[in-house]
There are 2 protein chains.
Amino acid sequence: MKTVYGQFCPVAVASEIFAERWTPVILRELVLGSRRFNDIQRGVPKISRALLVKRLRELVAHGVIDSSGGEYRLTEAGQELGEVVVHLGQWGARWTAPVRRDRLDAKLLTWDMRRRIAVDKLPEKRVTVRFDFRGVPAGHKAPKTYWLVMERPDVDLCIIEPGFDVDVYVDADLAAFVRVWLGEIPIRQAIRDGAVNLNGERQSVREFPSWLLLSTLAAVPRPGEAIQRRVA
Amino acid sequence: MKTVYGQFCPVAVASEIFAERWTPVILRELVLGSRRFNDIQRGVPKISRALLVKRLRELVAHGVIDSSGGEYRLTEAGQELGEVVVHLGQWGARWTAPVRRDRLDAKLLTWDMRRRIAVDKLPEKRVTVRFDFRGVPAGHKAPKTYWLVMERPDVDLCIIEPGFDVDVYVDADLAAFVRVWLGEIPIRQAIRDGAVNLNGERQSVREFPSWLLLSTLAAVPRPGEAIQRRVA
DNA sequence: CGGTATCCACTACGATACTG
DNA sequence: CAGTATCGTAGTGGATACCG
């Protein structure tokens, strides 16, 4: 373990492990359940493969994750460090403005959504939802169209037409949808504002908002919340 | 604000602020109460002045600290980020082994101790404690001898003989004393083991352990604690 | 005390291509 | 799928000296 700060203080020692470039984001991906190398990378798309390998090795060396059979899992220490990641994310949800042009990423958004579907609320039959995002910053490489194919208890994300009939069409401004995802605005409001449009089979369209759980950080109370309520 | 991770996830955004090199350690110093530039640097001795300036500016720009009149203070957002720092430190106390040769630093230790004296338990009269550390790694630049001059409600740290009669002489192995400081071993045990020796005026020697509060992280329960108790 | 300014060295990282 | 290998570079930060 390379000593960076030269301090015995546990904050410094922990920072040598935790506060490395990319590490908190990699840990978030593990906290959210990714186990396999390529899955982890999907959640951290801008990291290079070589660097991801290096970081994972460091985390193994520090006892934060175990690696076996091509899978990475948080150890007990890792689970607890995951709580720090969540705490940091809650701070970010409260005190930062995450939605900015250079942070919009439709692929990452849909990859995150895939994990937050209320499977128990889905109908018996397979449901296919097609997302078309507008307002995607120019120069953005990721596709603008995605399909979520949900067939209890499985949820698959497709980037190419899966060939099933589409039940719900979601046309949405990307920035607005990210805001909905993060709990900054209610989906009903985004629909009313025209930032999000739902079309397709009546019943499915009505139920769609209840299928889509939001980000785990969406429920974090914001600093102005009490005041906003008073005003409203 | 430079976008590092290109993700809207609040964990990523918060990491761009928090998980920069040195930043968690600087924040710890602010959490522990330092306000002035040079005081902060005393708690982060290995950072260069130029870099400390830069990091403080970044924290101001991110709304984590305020700077005015040559003082830096945590904002409301900063206080909450301080809770994350503490959480990270608690993880470090539980899951890392902070005491290693290249992390020992007598100056930093005494600087930390200065802030953790139970002022209300001190006697009316001035008390002077002299520390002599042994087992300091070769090549260590910091002095081996320090004086803590405590005169309610003030505590001063000296590196040169303050000229007062010494009430308590503390001769201690540096590594062992750091372990005591961090709550890894009880001071009574370190005394029994001969790693820490107290001499001087009887009454003061007896009371000294009650004056010295330990690190705020000393009380963090360790993973093996329950098991250890069972064995003992 | 609380910074600036300059310069240089290093190394961490990204890009790209290849492998079992 | 899960890496390895190589190489060039941007940018980060250390050292040092100076300043209001």
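For the numbers below, each heavy atom of this structure counts, side chains included, while hydrogens, waters and symmetry mates do not. Every chain is numbered from 1 and lettered A, B, ... according to where its sequence line falls, protein lines coming before strand lines.
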I'd like to know if [X] pairs up with [Y] as an ion pair, taking the criterion as any Lys NZ or Arg NE/NH1/NH2 lying under 4.0 Å from an Asp or Glu carboxylate oxygen.
X: A:Asp132; Y: A:Arg130; result: yes
X: B:Lys144; Y: B:Asp171; result: no
X: B:Arg103; Y: A:Glu16; result: yes

Is there a donor-acceptor contact under 3.5 Å linking the side chains of [X] and [Y]?
X: B:Ser34; Y: B:Arg115; value: yes
X: A:Thr75; Y: A:Asp66; value: no
X: A:Arg116; Y: A:Ser215; value: no

Members of residues 64-72 of chain B that approach DNA chain C, where some heavy atom sits under 4.0 Å away =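 Listed by number, they are B:Gly70, B:Tyr72.
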
ask   = What residues in residues 30-37 of chain B put a non-hydrogen atom under 4.0 Å from any atom of DNA chain C?
value =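 The answer is B:Arg36, B:Phe37.
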
[X] [atom1] to [N] [atom2]: how many Å, rounded?
X: A:Ile40; N: D:dA2; atom1: CD1; atom2: P; answer: 9 Å
X: B:Ile47; N: D:dT12; atom1: CD1; atom2: P; answer: 14 Å
X: B:Asp39; N: C:dC1; atom1: CG; atom2: P; answer: 9 Å
X: A:Leu56; N: D:dA2; atom1: CG; atom2: C1'; answer: 11 Å
X: B:Leu52; N: D:dT12; atom1: CG; atom2: P; answer: 17 Å
X: B:Lys46; N: D:dG13; atom1: NZ; atom2: C1'; answer: 16 Å

task = Specify the angle, to 10°, made by the local axes at the two ends of the helix from C:dC1-D:dG20 to C:dG20-D:dC1 when five pairs are taken at each end.
result =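 Roughly 60°, once rounded to the nearest ten degrees.
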
query = Between C:dC1, C:dG3, D:dC1, which one does the side chain of B:Val53 approach most closely?
reply = C:dG3

task = Test B:Trp95 against every option in A:Glu76, A:His62, A:Glu80 by the side-chain hydrogen bond (donor to acceptor under 3.5 Å, both in side chains) rule and name the one that passes.
result = A:Glu80

Side chains of [X] and [Y]: does their closest heavy-atom pair fall under 4.5 Å?
X: B:Gln7; Y: A:Leu108; answer: yes
X: B:Val99; Y: B:Leu182; answer: yes
X: A:Arg152; Y: A:Pro123; answer: no

Given DNA chain C, 5'-ward residue of the pair B:Ala50 and B:Asn38, judged by closest heavy atom =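 The residue mapped nearer the 5' terminus is B:Asn38.
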
I'd like a list of close polar pairs between nucleotides 17-20 of chain D and the protein, N/O only, cut-off under 3.5 Å.
none

request  = Kindly determine whether A:Arg35 and A:Glu29 satisfy salt bridge (charged side-chain N to carboxylate O under 4.0 Å, His left out), including the steps that lead there.
outcome  = CA-CA 9 Å; A:Arg35 308 247 114 91; A:Glu29 202 53 28; over 6 Å; no

message = It should be established whether A:Arg42 places a side-chain nitrogen or oxygen under 4.0 Å from OP1 or OP2 of nucleotide D:dA2.
response = no

key: D:dG13 phosphate, OP1 or OP2, under 4.0 Å from B:Ser48 side-chain N/O   = no

request  = Hey, can you tell me if A:Phe131 and A:Phe133 have their rings parallel, tilted or perpendicular (30° and 60° cut-offs)?
outcome  =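 Aromatic pair A:Phe131/A:Phe133 classed parallel.
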
message = So, using side chain to side chain donor-acceptor pair (under 3.5 Å) as the criterion, who are the partners of A:Asp173 when residues are at least two apart?
response =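 Checked A:Asp173 against side chain to side chain donor-acceptor pair (under 3.5 Å); zero matches.
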
Residue pair A:Ala218 / A:Trp181: nearest heavy atoms and the distance that separates them =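 That closest heavy-atom pairing would be CB-O, 3.7 Å.
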
request  = Report the C-alpha distance between A:Leu88 and B:Leu81 in whole Å, list the side-chain angles of each, state the deciding distance to 0.1 Å, and finish with yes or no for side-chain contact (heavy atoms from CB on, under 4.5 Å).
outcome  = CA-CA 8 Å; A:Leu88 181 61; B:Leu81 192 53; 4.0 Å; yes

Name the pairs: protein N/O against N/O of nucleotides 9-12 of chain C, kept only if under 3.5 Å.
none

key: A:Tyr146 side chain to A:Lys107 backbone, donor-acceptor under 3.5 Å   = yes

